Amino acid sequence: MDLNRATEIIKNSDRITVFTGAGISTASGIPDFRGENGLYRTVQKTYNLPSGETLFDIDYFDWDPRPFYRFTGDMYGLDPQPTRCHRLLARWEEEGRINLVITQNIDGLHQKGGTKHLLECHGTYDRGHCRACGCEYGLDEYEATMIRGEVPHCSCGGVIKPDVVFFGENLPDEFYRLWENPPESDLILILGTSLNVHPASDLALKLINRAPSLIVNRDATDFDRFIDTVIHGELEEFARTMEESFRFTL
Ligand code: CNA
């Protein structure tokens, strides 16, 4: 993978808006959706689901929340840590090169890696709400149950669901506010996403119409032809090369 061009583009940018997907976290052990060992191929069998999609389907969750929580418990068991690429983005933000990171991920690794200006398009595990009475819960109130892979319940008896966005639910208001008022960017940097989950990916496609764009992703995406610079490769290698080119240690 020839990263000289990417280095040059990034060195000449100081208002970079970044759009990330599951590929930025695979090096931490969390599988992506559609990649070679992606969740779509594995969860159906592991959690006895009708299809991969049902893991994050709101109607299925309301019918049976146990597979989602068994999956969540298993992910906790991996004890995922921010990757070199998460830390790279935090470093560039600290230097004033990045104005915003938009992520489709729900793993919390951008915050853990130090990113401050973050939009989580698909919500967060940090808060939850009861599906029956709507009561809000902080993560500390239901995390221990999730770690055990069990279903947390509200005092009313309803099931608590973290505020992660399932298929069939709306994205957070901040997503639509950003849609209406996109940031001023001199580069849209897309990392580790197939750009296949809508409407989140529509935001990336909207942004690339307004500024130069660069994608680094292992596999080709259906939208590569609309992106100015396309690099197919591993994000850990990208981050290692950037670390050398920018002369810092992550
Ligand atoms: P996706 O459709 O699975 O695409 C991931 C892309 O990343 C693929 O095109 C891969 O080629 C690429 N990729 C995987 N590993 C690497 C790597 N090491 N280096 C470079 N490229 C890599 O996932 P998207 O993010 O596009 O889809 C959005 C979904 C995935 C959102 O709804 C997320 O909530 C959901 N998701 C999130 C996580 C997470 O939070 N870590 C994990 C799995 C799925």
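Just so it is clear, the model here is predicted, and its values are computed rather than measured. Remember, it's 1-based here, ligands and their atoms both numbered in the order they're listed.
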Exercise. Would you call N48 and P67 a side-chain contact if the rule is heavy atoms closer than 4.5 Å?
Worked result: no
Problem set entry | K116 and E93 ion-paired at < 4.0 Å | no
Seminar exercise, completed: Within 4.0 Å of some non-hydrogen atom of V197, the atoms of ligand 1 are 27 (O), 28 (C), 29 (C)
Seminar exercise, completed: atom 37 (C) of ligand 1: closest protein heavy atom, distance to 0.1 Å, is N105 OD1, 3.7 Å
Exercise. So does R66 have more than 12 non-hydrogen atoms from other groups sitting under 6.0 Å from CZ?
Worked result: no
Seminar exercise, completed: Result for side chain to side chain contact (heavy atoms under 4.5 Å, CB included) between I190 and one of L207, I102, L195 points to L195
Exercise. In the protein, what heavy atom is nearest to atom 43 (C) of ligand 1, and what distance, to one decimal place, separates them?
Worked result: P31 O, 3.3 Å
For this session: Could you establish whether G38 and ligand 1 come within less than 4.0 Å of each other, counting only heavy atoms on the residue side?
Result: no
For this session: Pull out every atom of ligand 1 sitting under 4.0 Å from any heavy atom of G21, numbered as shown with elements.
Result: 25 (O)
For this session: Any chance you could measure D228, atom CG, to D224, atom CG, to the nearest 0.5 Å?
Result: 11.5 Å
For this session: Flag the pair D14 and R97 as a salt bridge only when some basic side-chain nitrogen lies within less than 4.0 angstrom of an acidic carboxylate oxygen.
Result: no
For this session: Would you mind checking if R240 and E244 are paired as a salt bridge, meaning a charged N to carboxylate O distance below 4.0 Å?
Result: no
Seminar exercise, completed: A student checking ligand 1 against G23 at a 4.0 Å heavy-atom cut-off should list atoms 7 (O), 13 (N), 14 (C), 15 (N), 16 (C), 17 (C), 18 (N), 22 (C)
Exercise. Backbone or side chain, does any N or O of I106 fall under 3.5 Å from an N or O of ligand 1?
Worked result: yes
Problem set entry | Centroid separation F167 to F56 less than 6.0 Å | no
Exercise. What residue and heavy atom of the protein are closest to atom 1 (P) of ligand 1, and at what distance?
Worked result: S194 OG, 3.7 Å
For this session: Can you pull out the closest protein heavy atom to atom 20 (C) of ligand 1? Residue, atom name and distance to 0.1 Å, please.
Result: G233 O, 3.2 Å
For this session: Check whether any side-chain heavy atom of K206 lies under 4.5 Å from a side-chain heavy atom of W179, and answer yes or no.
Result: yes
Problem set entry | Identity and distance of the protein heavy atom lying nearest atom 25 (O) of ligand 1 | A22 N, 2.7 Å
Exercise. Which residue from R218, E234, H198 reaches closest to atom 21 (N) of ligand 1 through any of its heavy atoms?
Worked result: R218
For this session: Check each atom of ligand 1 against the heavy atoms of G192 and keep those under 4.0 Å away; list them by number with element.
Result: 5 (C), 6 (C), 7 (O)
Exercise. Is ligand 1 under 4.0 Å from a heavy atom in the side chain of V164, in the backbone, in both, or in neither?
Worked result: neither
For this session: Take every heavy atom of L39, measure it against each atom of ligand 1, and state whether any distance is under 4.0 Å.
Result: yes
Exercise. For ligand 1, is any non-hydrogen atom under 4.0 Å from L235's backbone (N, CA, C, O), its side chain (CB onward), both, or neither?
Worked result: both
For this session: Considering heavy atoms of the protein only, find what lies nearest to atom 9 (O) of ligand 1 and give residue, atom and distance to 0.1 Å.
Result: N217 ND2, 2.9 Å
Exercise. Of the backbone atoms (N, CA, C, O) and the side-chain heavy atoms from C-beta on, which set of I30 has a member under 4.0 Å from an atom of ligand 1: side chain, backbone, both, or neither?
Worked result: side chain
Exercise. So is F33 polar-close to ligand 1, meaning N/O to N/O under 3.5 Å?
Worked result: yes
For this session: Answer with side chain, backbone, both or neither: which part of S25 has a heavy atom less than 4.0 angstrom from an atom of ligand 1?
Result: side chain
Exercise. Which protein non-hydrogen atom lies closest to atom 39 (C) of ligand 1, naming both residue and atom, and how far is it?
Worked result: D107 OD2, 3.5 Å
Exercise. Using a heavy-atom cut-off of under 4.0 Å, does the side chain or the backbone of T26 touch ligand 1, or both, or neither?
Worked result: side chain
Seminar exercise, completed: CG (L214) and CG (L189) are apart, to the nearest 0.5 Å, by 5.0 Å
For this session: Tell me whether the centres of the aromatic rings in W63 and Y60 are closer together than 6.0 Å.
Result: yes
Exercise. Among T221, T193, D219, whose heavy atom sits nearest atom 24 (P) of ligand 1?
Worked result: T193
Exercise. Atom 34 (O) of ligand 1: which of E237, Q104, H110 has the nearest heavy atom?
Worked result: Q104
Exercise. What distance do M242 atom CE and I10 atom CD1 have between them, rounded to the nearest 0.5 Å?
Worked result: 5.0 Å
Exercise. Can you find a side-chain donor-acceptor pair between Q104 and E120 that sits under 3.5 Å?
Worked result: no
Exercise. In the protein, which heavy atom is nearest to atom 14 (C) of ligand 1, and how far is it?
Worked result: D32 OD2, 3.2 Å
Exercise. Is V165 linked to F68 within one hydrophobic cluster, defined over Ile, Leu, Val, Met, Phe, Trp and Tyr using a side-chain heavy-atom separation of less than 4.5 Å?
Worked result: no
